[in-house]
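The next block holds one structure in the form of structure tokens; read it before the comments.
Because the structure is predicted, anything quoted here is derived from the model rather than measured.
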2 protein chains.
Amino acid sequence: MSGAEITIGALSEQTGVNIETVRYYERIGLIPPAHRSAGGRRVFDADDVRRLSFIRRARQLGFSTDEIRSLLDVAKGARACKDAHALAVKHRDAVRASIRDLRRLERTLTEAADRCSKGVSPGCAIVEALSH
Amino acid sequence: MSGAEITIGALSEQTGVNIETVRYYERIGLIPPAHRSAGGRRVFDADDVRRLSFIRRARQLGFSTDEIRSLLDVAKGARACKDAHALAVKHRDAVRASIRDLRRLERTLTEAADRCSKGVSPGCAIVEALSH
DNA sequence: TTAACTCCTGTAGTGGCTACAGGAGCAAGC
DNA sequence: GCTTGCTCCTGTAGCCACTACAGGAGTTAA
């Protein structure tokens with residue numbers, strides 16, 4: 001069922017997650033302790049690839065490791081789907097707030113940079129903008 | 001010229017920068033070592049208030065401490081205005097890229113959350129979205 | 001057998017703070 | 001002059017999510 005065994009290097013390549021990061025995830029308990037070969041090396045299988053890919057996508061969406069723990073619980077049925085929904089909505093709202101903040105910020109930076117390049121302001125427009 | 005001397009607490013209140021953060025800024029050399037009172041306490045003046053306010057606004061705009069070092073150099077005339085302009089433009093572009101990324105992310109999260117709340121997907125839509 | 005490669009553990013560093021612990025200065029009231 | 005309570009001091013450690021070593025050991029191909 002679980003198919004071929006792969007090394008940490010192969011796991012890293014197949015999922016796009018850094019080797020050091022895989023070991024880090026194991027250390028903080030985001031993934032279970034890997035089985036070991038006779039020589040003491042970590043051995044992974046297709047389930048591990050799926051789990052790690054899941055984690056990677058969740059990280060790309062900006063979920064924290066603690067939130068991912070909850071999402072993994074939902075994925076394996078140990079927690080209700082509505083918890084995942086709540087997390088996603090909460091996270092989406094945070095993202096929306098970030099976007100609003102960044103838009104304001106972008107305007108401010110653009111204004112300062114434009115005035116500067118036009119040489120309108122007496123001193124440096126960037127510095128001026130930061131001084132009041 | 002430099003006016004009344006104030007404590008670190010007053011400086012913190014007037015600038016909105018945490019006391020611990022002020023000491024941290026001194027430690028990393030973002031602000032010069034403060035003068036000391038007879039009892040060994042830090043003493044600040046109006047110039048320090050201005051400098052720290054400048055730093056605070058720059059941080060709010062997302063500049064890193066290293067970038068702020070450069071901006072402070074521009075402010076005191078030790079570096080050309082065009083360097084500040086370049087920093088602002090570079091930073092603005094990074095902000096724009098962030099906004100684009102966050103927009104995509106927001107769409108993904110919204111789609112997943114919407115499908116979930118409508119109960120369309122067989123399993124959990126959030127988990128589904130993370131699984132492919 | 002040897003060289004090249006991958007993997008191991010453990011520790012420390014990143015940025016930008018923040019949070020203590022344990023002590024000392026300082027101002028006001030009694 | 002003494003106490004109380006506040007602010008301040010230094011030094012260290014913690015946060016997040018990694019990343020980067022050092023120094024050693026397993027593994028594979030020529």
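- The CD-P distance, from A:Glu13 to C:dT6, rounds to 9 Å in whole Å.
- Put simply, the side chain of B:Ile55 reaches to within 4.5 Å of the side chain of B:Leu72, judged on heavy atoms.
- Separating the CD1 atom of A:Ile28 from the P atom of D:dA17 is a distance of 7 Å, rounded to the nearest angstrom.
- Atom pair B:His35:NE2 and D:dC9:P shows a separation of 15 Å (rounding to whole Å applied).
- Taking CG of B:Asp83 as the reference point, atom SG of A:Cys124 lies at 9.5 Å (rounded to 0.5 Å).
- In this structure, the side chains of B:Asp93 and B:Lys90 stay at 4.5 Å or more apart for every pair of heavy atoms.
- Nearest to the side chain of B:Arg27, among D:dC9, C:dC17, D:dT19, sits C:dC17.
- The side chain of A:Asn18 contributes an N or O atom lying less than 4.0 Å from OP1 or OP2 of D:dT19.
- The shortest heavy-atom contact between A:Ala112 and A:Ala125 is O-CB, 3.6 Å.
- Each of A:Ser64 and B:Glu26 was matched to the nucleotide of DNA chain D holding its nearest heavy atom; the match closer to the 5' end belongs to B:Glu26.
- Out of C:dT9, D:dA17, D:dT10, the shortest distance to the side chain of A:Arg36 is found at C:dT9.
- You'll find that the side chain of B:Glu20 is closest to C:dT18, out of D:dC9, C:dT18, D:dC21.
- When side chains are defined from C-beta on, B:Ile8 does not count as touching B:Arg41, because their heavy atoms never get closer than 4.5 Å.
- OP1 or OP2 of C:dC7 sits under 4.0 Å from a side-chain N or O of A:Thr7.
- With rounding to whole Å, A:Arg56 atom CZ is found 11 Å from D:dC18 atom P.
- Checking C:dC7, C:dC17, D:dT27 against the side-chain heavy atoms of B:Tyr24 singles out C:dC17 as nearest.
- Put simply, CG on B:Leu11 is 16 Å from C1' on D:dC9, counting in whole angstrom units.
- Within the structure, every side-chain polar atom (N or O) of A:Arg42 is placed at least 4.0 Å from both OP1 and OP2 of C:dC7.
- Applying the 3.5 Å distance criterion, the base of D:dT27 shares no donor-acceptor pair with the side chain of A:Arg41.
- In terms of phosphate contacts, A:Thr21 brings no side-chain nitrogen or oxygen within less than 4.0 Å of OP1 or OP2 of D:dA17.
- Comparing B:Ala38 and B:Asp66 against DNA chain C, the residue whose closest nucleotide sits nearer the 5' end is B:Asp66.
- For B:Ile8, the listed nucleotide lying nearest its side chain is D:dC8; candidates were C:dT9, C:dG16, D:dC8.
- In this structure, the nucleotide among C:dG16, D:dA17, C:dC7 sitting nearest to the side chain of A:Thr65 is D:dA17.
- We find that CD of B:Glu5 is positioned 14 Å from P of D:dC8, with the value rounded to whole Å.
- Side-chain proximity of A:Arg23 to the nucleotides C:dT18, C:dG16, C:dC8 is greatest for C:dC8.
- Nucleotide D:dC16 holds its C1' atom 17 Å from the CZ atom of A:Phe63, rounded to whole Å.
- If you check every strand for non-hydrogen atoms under 4.0 Å, B:Ile19 touches sugar and phosphate atoms only.
- Listed pair B:Tyr25 / C:dC17 meets the phosphate criterion, a side-chain N or O lying under 4.0 Å from OP1 or OP2.
- Salt bridge status for B:Arg115 with B:Glu128: absent, with no side-chain N to carboxylate O gap under 4.0 Å.
- If you take CD1 of B:Ile31 and P of C:dG16, they are 15 Å apart, rounded to a whole angstrom.
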